[in-house]
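Throughout, protein chains are lettered first and strands after them, A, B, ... in sequence-line order, and every chain is numbered starting at 1.
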Amino acid sequence: MPPHRYTPALAQRIELAWQDRWAAEGTFHTPNPVGRLSAGFERVADRPKYFAMDMFPYPSGAGLHVGHPLGYLGTDVTSRFRRMDGDNVLHPMGYDAFGLPAEQYAVQTGQHPRITTEANIAAIRAQLRRLGVDHDDRRSFATIDPAYYKWTQWIFLQIFGSWFDADAGRARRIEELVAELDAGTREPGEGTNPYDRPWAVLGAAERGVVVDAHRLAYLHEAPVNWCPGLGTVLSNEEVTPDGRSERGNFPVFRRPLKQWMMRITAYADRLLDDLDRLDWSDSLKLMQRNWIGRSTGARIRFAAGAVGRPGGAAETIEVFTTRPDTLFGATYMVLAPEHPLVEALTADAWPEGADPRWTGGLATPAEAVRAYQRQASRRSELDRQDAGREKTGVWLGVTAVNPVDGRELPVFIADYVLTGYGTGAIMAVPGEDQRDWDFARAFGLGIVPTVERPAGFDDSSGAYTGPGRMINSSNEEISLDGLDKATAIATVTDWLVRRGAGEATTTYKLRDWLFSRQRYWGEPFPIVYDEHDRPVAVPESLLPVLLPEVDDYSPKTFSDDDADSAPEPPLSRATEWTTVELDLGDGVQKYRRETNTMPNWAGSCWYYLRYLDPGDDTQMVDPELERYWMGPRGEGDVGGVDLYVGGVEHAVLHLLYARFWHKVLHDLGYVSSEEPFRRLVNQGYISAYAYTDERGFYVPAADVEEKDGRFFYEGEPVNREYGKIGKSLKNMVTPDEMIGAYGADTFRVYEMSTGPLEQSRPWETKAVVGSQRLLQRIWRVVVDEQTGAVRASDAEPAEETLRALHKAIDGVRDGYATLRFNIAIARITELTNHLTQVHGADTPVSRAVAEPLVLLVAPLAPHLAEELWSRLGHDESTAWTPFPQADERWLVEDTVQVAVQVNGKVRSQVTVPAGADAAALEAAARADEKIAGYLEGATIRRVVAVPGRLVNFVLG
RNA sequence: GCGGGAGUGGUGUAACGGCAGCCACGCCAGACUUAGGAUCUGGUGCCUUCGGGCGUGCGGGUUCGACUCCCGCCUCCCGCACCA
């Protein structure tokens, strides 16, 4: 072994030394334009800014595997490249540390969550440092730091202290609402005034209730997702489609509870519309669009209940439909089983001769309704799916009246109508809706077609949902017959408005965000309750409201399926803390603290802003810093982080919540940007093979041998499966192991070489050696393996070598710029292989080529590059050395080889001058012996000659 | 069911509508070695009668020319899923 070979041991020595030096010299300290972190800004003042960021890690106890750093390395390579290429780059890293897993881990280990969490953070920080990432460590923080969550609480107070002005389409301060209400220029918004009297005559306490109902953060008693197994309520986004908790997979039940909500629905339109202005993948935008779920249609009111219910008062059923044009085809109505009108509408007795299918076989409507409601509430979401699309329901014993033709429509409850969407009630049009058709079929209800069917359509086979002219749709006042869908919708909606029976409207699938959790390990709310139990903001001067120490921070959990249990926040046990005496302007009073805590999404909603100066204890973020790092880049630009990399699993959780908070902060004037993340990239996942033996047990993947496409462990055949990496799958490979075996640079190059950043890929330890060989060859270009001396010569490089160099520069730049690091590595490899081949052991590579090569590889293998750069005699870090520019002169060849095709098949190659025109190309091609053979005696129908590309003879 | 994405050598992948398979792993051969799981060099899509033929999931289309664009299928992955 030559004494100065680039071995793993040498790589590690080099890496540790450079990591120390970077830390000591503050190489990656990014200067702000103003404030405490502005030292050295003159150096970068004329540079454009570039803010690159990862979704910060959650410091769980499980440790990192080789899949975790992929995204971090992607932003690292990018930030290093952009810095070398002349940007002022901000690349920070922090830790998202409140939340369920940390709390559960702490409960398991019997340690306070702060202790385990901080230990985990230290471990991850050390691992990241060992990978050589260029984070500015002065800007790091964790969401559990009081100096951080002080501002999380402060933002909550801003949200609590504002309301959404629907006319202006933005949030405004609550004081402005009160002023307008007092001035009489505004009345309370819809659904905010329970008193049936105008604002002017309301008492102080009543006014308080009305104001609170406007707030963007508000207390609300409503059915929420209660998870007894976790002992906490959850947001819609945290519940899986089959009705279980995303964390822990426990059953979740709908239960009315009074909880904090955030009025994210007020922002539905902006969250939806502004997606068009973001540089995100289409699939991710689509996920958000689907989650917000905007649909336009009409609300229509049906009088109901008087018929078949002697002496009963009429009620009004309001439905939402996207197809008001089909109103004439409504033949019955359905309420969700939990609809508030169900009780009032239920008839005392079945009318004479009631269809037994409609009554559930029970003696009275009340019995049937109660039985069906019980059945519906018992059934979890999963059961509902298992039951397939078979429609069930019972009749209430009453009818409603179709406003358009006076026809009586029987009113049912059925679980295919959901409480949470639209108004929780529908008009059923079996002719044009498949679900209604299914129900009508099962219950023997009529079908009235209102859209003209194509010839041969069979109404007994299903609903018709295609296009067509309206039919069967007229009364004395209007006729939709013959109209197309859009015109019919406009016509009937207009008529409904004039009759006061409905109006055009928009609904969303998005629900308000359930914001409280019955957990210890989270941000306390900066809220206290007064003697009337009204929530009051804790004054800014008293922030942060510190999370108190308690003896028992474990949540009160229940048996998984104990749906009737009630949440009990751990903080309620901190009895000394829960009551507090404060002077909030009217003398010292006793207050009761809010004992819920915030969900773990709170801290990640705004952390990108805190990176700009985490040490600022006077404000959330300096507006000038926000403008510099996040501000719009011109008219119409949304601003935001320039590159945000993270997993796709946050498509509708973190990314929606953060956008919402950002828009509120924008409306209130705290940030100039309209969106937090201008460009978002979802990195792929790294998967691995796992192997099971005959009994189905996992065997160590590292010891499995392949023979002729089959796999063996200790001589016995095993099965291969492909998927996650994990300890229990016995296929865990850690970055530490790889760094120990090859060094961080090799690990970095390997991870980046296996595909574009967005691409998922398998891990293959045996392929890592290829990246090591590349780095060894680059090392040999600069360093003599026998003597350790620098080999580079001062000779002029050969023309051919210059062409190879500049072609590589061009390709490497493209690869870095487009996050296709595999391309950059392929071009670097080509250049290196070229140099290795042209220059044997005795002819050193020219410095004019070796130096750019070192700089090309610097973003990928920064330690190696620093070492070689320094040995080449440079004092400055590669990080602050300009990235090589390709010289056009060396990108164009003097002569080019072009393919010559005959009838589209390549038959020969000719070499022509680079500038040769079509005629010259054709002449050269005809002169070629092989081609001449093909052309002889043939009729040439056409000749296509593309300069620099090819010639194609089309023979007839 | 609806929506989105993807199908290229044994493997990961690459190709402004213009020579399919760059680069790497693996494999084969060789060099240097006491040795090789180190390093270096060469070869490696398939078939072949060595002329060539066939090849980018399948079938059509547009084009002088299609991995690339269009239409219809198939398969896989992801998201949503009784959303009125």
Side-chain angles (χ1 to χ4, degrees), chain A residues 1-2 5 7 241 281-291 293-295 297 319-323 326 334 336 384-385 387-391 414-418 420-429 432-436 438-439 507-510 648-649 651-652 682 706 708-709 749-750 753-756 758-774 776-777 780 785 811 820 822-830 832-833 836-837 840-841 897-909 941-946 948-955:
Chain A
M1 168 89 70
R5 171 156 294 171
T7 59
S281 74
D282 288 340
S283 63
L284 199 77
K285 289 183 183 179
L286 197 76
M287 279 190 238
Q288 292 223 342
R289 279 196 193 102
N290 288 341
W291 188 261
R294 177 163 69 189
S295 52
V319 305
F320 171 72
T321 177
T322 56
R323 296 292 304 274
T326 63
V334 186
R384 279 201 194 185
Q385 281 179 351
R389 310 263 146 135
E390 214 163 286
K391 295 290 183 287
D415 64 6
Y416 84 94
V417 173
L418 310 175
Y421 185 74
T423 62
I426 64 160
M427 65 178 205
V429 185
E432 280 88 30
D433 184 288
Q434 188 58 42
R435 295 154 303 183
D436 296 344
D438 292 339
F439 189 90
T507 62
Y508 305 87
K509 279 195 255 181
L510 183 69
V648 72
E649 68 272 16
V652 288
N682 290 123
E706 181 183 352
D708 303 328
V749 170
Y750 172 69
S753 73
T754 46
E758 293 94 329
Q759 185 129 18
S760 289
R761 64 211 65 183
W763 176 262
E764 202 179 359
T765 299
K766 70 177 181 186
V768 178
V769 69
S771 301
Q772 186 184 25
R773 287 179 192 147
L774 170 65
Q776 282 179 330
R777 290 201 294 277
R780 258 197 306 276
E785 284 193 329
R820 295 182 304 163
N822 53 325
I823 302 293
I825 293 167
R827 299 292 88 83
I828 289 170
T829 310
E830 277 174 345
T832 308
N833 291 351
T836 309
Q837 267 155 30
Q897 276 217 327
V898 298
V900 184
Q901 298 181 335
V902 177
N903 285 336
K905 296 218 180 288
V906 178
R907 298 298 183 184
S908 186
Q909 306 269 331
R941 246 188 29 217
R942 186 170 168 184
V943 181
V944 182
V946 184
R949 294 282 175 200
L950 53 47
V951 186
N952 187 12
F953 291 97
V954 185
L955 305 185

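- Atoms CZ and CG, on Arg907(A) and Asn952(A) in that order, are 11.0 Å from each other to the nearest 0.5 Å.
- The distance from the CG atom of Asn682(A) to the CD atom of Gln759(A) is 13.5 Å, given to the nearest 0.5 Å.
- Taking the ring centre of Tyr416(A) as origin, the terminal cationic atom of Lys391(A) falls inside the region bounded by 6.0 Å and 45° from the ring axis.
- The nearest whole Å value for the distance from the CZ atom in Arg5(A) to the C1' atom in C32(B) is 11 Å.
- For the pair Thr754(A)/Glu764(A), no side-chain contact is recorded, criterion being any heavy-atom separation below 4.5 Å from C-beta on.
- On the P atoms, G12(B) is 16 Å away from C22(B), given to the nearest whole Å.
- Between Asn903(A) and Phe320(A), it is Asn903(A) whose nearest contact on RNA chain B lies nearer the 5' terminus.
- For G51(B), the base is syn relative to its sugar; the glycosidic angle is within 90° of 0.
- Summarising the geometry, the separation between OH on Tyr750(A) and C1' on U13(B) is reported as 11 Å, rounded to the nearest angstrom.
- Nucleotides G72(B) and G4(B) are separated by 12 Å at their P atoms, to the nearest Å.
- When the C1' atom is used for both A14(B) and C23(B), the distance is 8 Å, rounded to whole Å.
- Below the 3.5 angstrom threshold, one finds a donor paired with an acceptor across the side chain of Arg827(A) and the base of C22(B).
- When the C1' atom is used for both A6(B) and U56(B), the distance is 13 Å, rounded to whole Å.
- A perpendicular orientation is assigned to the rings of Tyr750(A) and Trp763(A), their planes being inclined by more than 60° (bins at 30° and 60°).
- Nucleotide C25(B) holds its C1' atom 13 Å from the CH2 atom of Trp763(A), rounded to whole Å.
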Collect all protein-nucleotide pairs involving nucleotides 15-20 of chain B in which both atoms are nitrogen or oxygen and the distance is under 3.5 Å.
unit_1 : atom_1 : unit_2    : atom_2 : d
A15(B) : OP1    : Arg820(A) : NH1    : 2.7
C16(B) : N4     : Arg949(A) : NE     : 2.6
C16(B) : N4     : Arg949(A) : NH2    : 3.2
C19(B) : O2     : Gln909(A) : NE2    : 2.6
C19(B) : N3     : Gln909(A) : OE1    : 3.3
C19(B) : N3     : Gln909(A) : NE2    : 3.3

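- Distance CZ/Arg289(A) to CG/Asp282(A): 7.5 Å, rounded to 0.5 Å.
- Rounded to whole Å, atom C1' of C2(B) lies 14 Å from atom CG of Asp433(A).
- Checked against side chain to side chain donor-acceptor pair (under 3.5 Å), Gln434(A) has the following partners two or more places apart in sequence or in another chain: Asp438(A).
- Between Asp282(A) and Glu785(A), the residue anchored nearer the 5' end of RNA chain B, judged by the nucleotide with its closest heavy atom, is Asp282(A).
- Between the C1' atom of G79(B) and the CH2 atom of Trp291(A) lies a distance of 11 Å, rounded to the nearest Å.
- To the nearest 0.5 angstrom, Arg780(A) atom CZ is 4.5 Å from Glu785(A) atom CD.
- Of the listed nucleotides (A84(B), G3(B), U13(B)), U13(B) has the atom at the smallest distance from the side chain of Asn822(A).
- Between Ile426(A) and Asp436(A) there is a side-chain heavy-atom pair separated by less than 4.5 Å.
- Which of A38(B), U13(B), G3(B) sits closest to the side chain of Pro756(A) comes down to U13(B).
- G79(B) has its base anti relative to the sugar, with a glycosidic angle deviating from 0 by more than 90°.
- By the salt bridge (charged side-chain N to carboxylate O under 4.0 Å, His left out) test, Glu758(A) pairs with no residue at all, sequence neighbours left out.
- From Arg323(A), atom CZ reaches atom CE of Met427(A) across 9.0 Å, with rounding to the nearest 0.5 Å.
- Contacts of Ser295(A) with the nucleic acid, taken as non-hydrogen atoms under 4.0 Å apart, involve only primed sugar atoms and P, OP1 or OP2.
- In this structure, CG of Leu286(A) is placed 11 Å from C1' of C2(B), rounded to the nearest angstrom.
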Worksheet item: Nucleotide by nucleotide, 5' to 3', does protein get under 4.0 Å of the base (B), only the sugar-phosphate (S), or neither (-) in nucleotides 40-46 of chain B, counting heavy atoms?
Response: SSS----

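- The separation of U11(B) from G1(B), taken at their P atoms, amounts to 30 Å, rounded to a whole angstrom.
- G7(B) and C67(B) have their P atoms separated by 14 Å, with the value rounded to a whole Å.
- For the pair Lys285(A)/Gln288(A), no side-chain contact is recorded, criterion being any heavy-atom separation below 4.5 Å from C-beta on.
- As a whole-Å value, the separation of Asn682(A) CG from G5(B) P is 14 Å.
- Across the P atoms, U13(B) and A84(B) are found 38 Å apart, a figure rounded to whole Å.
- Computed from coordinates, the Lys905(A) NZ to G51(B) C1' distance equals 16 Å when rounded to whole Å.
- For the C1' atoms, the distance from C19(B) to C70(B) is 25 Å, rounded to whole Å.
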Practice prompt. Convert the base pairs of RNA chain B into dot-bracket notation, remembering that pairs crossing earlier ones are written with [ ] and that bases paired across to another strand are shown as |; include only Watson-Crick or G-U pairs under 3.5 Å.
Written response: (((((((..(((.....[....)))((((((.......))))))(((....)))..(((((..]....))))))))))))....

Could you list all N or O pairs between the protein and nucleotides 9-12 of chain B that sit under 3.5 Å apart?
unit_1 : atom_1 : unit_2    : atom_2 : d
G12(B) : O2'    : Thr754(A) : O      : 2.9

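- In the set G79(B), C82(B), A84(B), A84(B) carries the atom at the smallest distance from any side-chain atom of Ile426(A).
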